Amino acid sequence: MKSADYDADMPLMAHFAELRTRLIRVLVAVLVVFLALVGFSRELYDFISNPLVALLPKEASLIATDVASGFLAPIKLTFFVSLFLTVPFIIAQIWGFVSPALYKHEKRAALPLLLSAIVLFYVGVAFAYFVVLVPALKFFVMFAPDNVLPMTDIQSYLDFVIELFAVFGVMFEIPVATLLLVLMRIVTPQSLADKRRYIIVGCFFIAAIVTPPDGASMLMLAIPMCLLFEFGLMMAKLLVKDTAAES
């Protein structure tokens with residue numbers, strides 16, 4: 001039974017009113033975190049750019065090719081950090097809006113998936129910063145021609161880092177995506193196991209497209225993707241066994 005017959009009893013405008021309230025809460029939360037961090041925007045940019053600065057020749061540095069880049073790039077980074085830190089609150093608001101319309105057994109399945117998705121996203125971003133970023137930057141600096149002094153624009157570097165973090169954060173959601181596909185009965189664990197070789201090839205293909213053009217970065221994404229798929233498949237098999245035992 002759904003909570004208080006949510007869909008039947010609540011008028012459509014009440015749904016929109018609650019959605020608006022929760023969106024306002026999200027915007028306020030992001031704004032509060034942003035205002036708390038904006039005074040440290042330069043320090044945040046230093047933290048994110050230190051891996052590149054450490055690899056550059058002594059006479060090279062990051063540069064700002066636009067008049068406003070020196071101001072806008074740290075502010076943009078602060079905004080994304082604010083979003084990053086408020087992800088649990090954002091997910092909680094989404095859950096609060098959706099959960100009343102779910103049955104109890106759907107809640108029991110969905111809540112662990114949501115929590116796992118949050119953790120895996122953070123793990124993926126941390127993996128990108130601490131494991132992947134430096135080898136990728138080394139590749140670009142190492143292969144620069146001898147007569148070219150690498151001096152990267154701060155906005156271009158920020159876009160590169162954000163894209164890298166987003167890719168790894170999303171790709172680390174593979175176990176959650178695998179479980180969702182099984183729960184929605186779109187696939188079965190056995191069908192996924194039978195297609196394992198094609199999925200592994202697909203992981204390497206995707207990694208080759210979305211990562212920087214060096215073999216190390218591709219392997220650092222493709223191998224975790226394969227392992228995460230296997231973990232998701234294992235959890236899906238356990239889930240199917242538990243469901244069969246309950247029935």
Side-chain angles (χ1 to χ4, degrees), residues 26-27 30-31 33-87 90 118 120-174 202-225:
V26 168
L27 292 175
V30 174
L31 180 60
V33 176
F34 175 80
L35 292 176
L37 294 177
V38 72
F40 305 96
S41 58
R42 289 185 297 179
E43 288 81 0
L44 287 173
Y45 196 93
D46 288 342
F47 176 76
I48 212 75
S49 62
N50 281 338
L52 176 61
V53 173
L55 295 171
L56 292 175
K58 290 183 178 180
E59 62 273 19
S61 65
L62 288 172
I63 60 173
T65 57
D66 188 84
V67 174
S69 292
F71 170 76
L72 292 178
I75 295 298
K76 180 179 178 181
L77 174 60
T78 305
F79 173 73
F80 278 102
V81 171
S82 302
L83 280 178
F84 177 75
L85 293 177
T86 52
V87 163
I90 294 171
I118 294 171
L120 286 171
F121 178 77
Y122 282 132
V123 170
V125 173
F127 185 84
Y129 180 80
F130 292 105
V131 179
V132 179
L133 184 59
V134 171
L137 294 175
K138 279 184 179 179
F139 172 83
F140 291 120
V141 173
M142 183 187 308
F143 282 92
D146 293 336
N147 59 348
V148 173
L149 186 64
M151 300 180 73
T152 303
D153 176 63
I154 60 173
Q155 183 62 55
S156 299
Y157 176 72
L158 178 60
D159 292 341
F160 168 79
V161 170
I162 290 174
E163 181 180 347
L164 184 70
F165 290 176
V167 165
F168 275 82
V170 171
M171 291 305 171
F172 268 61
E173 302 293 338
I174 287 177
C203 289
F204 277 87
F205 178 74
I206 293 172
I209 293 176
V210 301
T211 56
D214 64 294
S217 296
M218 183 193 73
L219 290 175
M220 287 179 185
L221 179 59
I223 293 175
M225 284 173 67

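From a predicted model like this one, the values you see are computed outputs, not experimental measurements.
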What donor-acceptor contacts under 3.5 angstrom involve side-chain atoms of residues 128-138, with partners at least two apart or in another chain?
residue: Y129; atom: OH; partner: F47; partner atom: O; Å: 2.9

Task: Test applied, ring-ring contact (aromatic ring centres under 6.0 Å, His included); reference residue, Y122; option that passes from F168, F127, F84 - done: F84
Open item on the list: If I compare all heavy atoms of A64 with all of G70, which pair ends up nearest, and what's the gap?
Closed with: CB-N, 4.1 Å
Task: Distance, nearest 0.5 Å, that separates OG1 of T152 from CG of L52 - done: 5.0 Å
Task: V30 vs F79 side-chain heavy atoms within contact, under 4.5 Å - done: yes
TODO: Of all the heavy-atom pairs spanning P74 and S69, show the shortest one and how long it is.
DONE: CD-O, 3.8 Å
Open item on the list: Taking side chain to side chain contact (heavy atoms under 4.5 Å, CB included) as the criterion, tell me which of V210, I223, T211 meets it with M218.
Closed with: T211
- [ ] Grab the two heavy atoms, one from P224 and one from L221, that are nearest each other, plus how far apart they are.
- [x] CD-O, 3.3 Å
Task: Heavy-atom check, side chain of L37 versus side chain of L85, under 4.5 Å - done: yes
Open item on the list: As an exercise, state the distance from CD1 of I174 to CE of M225, rounded to the nearest 0.5 Å.
Closed with: 4.0 Å
Task: Close side-chain approach of F34 to I75, heavy-atom, < 4.5 Å - done: yes
Pairs of donor and acceptor atoms involving the side chains of residues 157-166, under 3.5 Å and at least two apart or interchain, shall be tabulated with distances.
residue: Y157; atom: OH; partner: I48; partner atom: O; Å: 2.7
residue: D159; atom: OD1; partner: K76; partner atom: NZ; Å: 2.7
residue: D159; atom: OD1; partner: Q155; partner atom: NE2; Å: 3.1

Task: Nearest atoms (heavy-atom pairs only) where S49 meets L62 - done: CB-CD1, 3.5 Å
Determine all donor-acceptor pairs shorter than 3.5 Å in which one atom belongs to a side chain in residues 39-46; sequence neighbours excluded.
residue: S41; atom: OG; partner: V38; partner atom: O; Å: 3.1
residue: Y45; atom: OH; partner: I154; partner atom: O; Å: 2.5

Open item on the list: For a 4.5 angstrom cut-off between non-hydrogen side-chain atoms, does L35 reach L31?
Closed with: yes
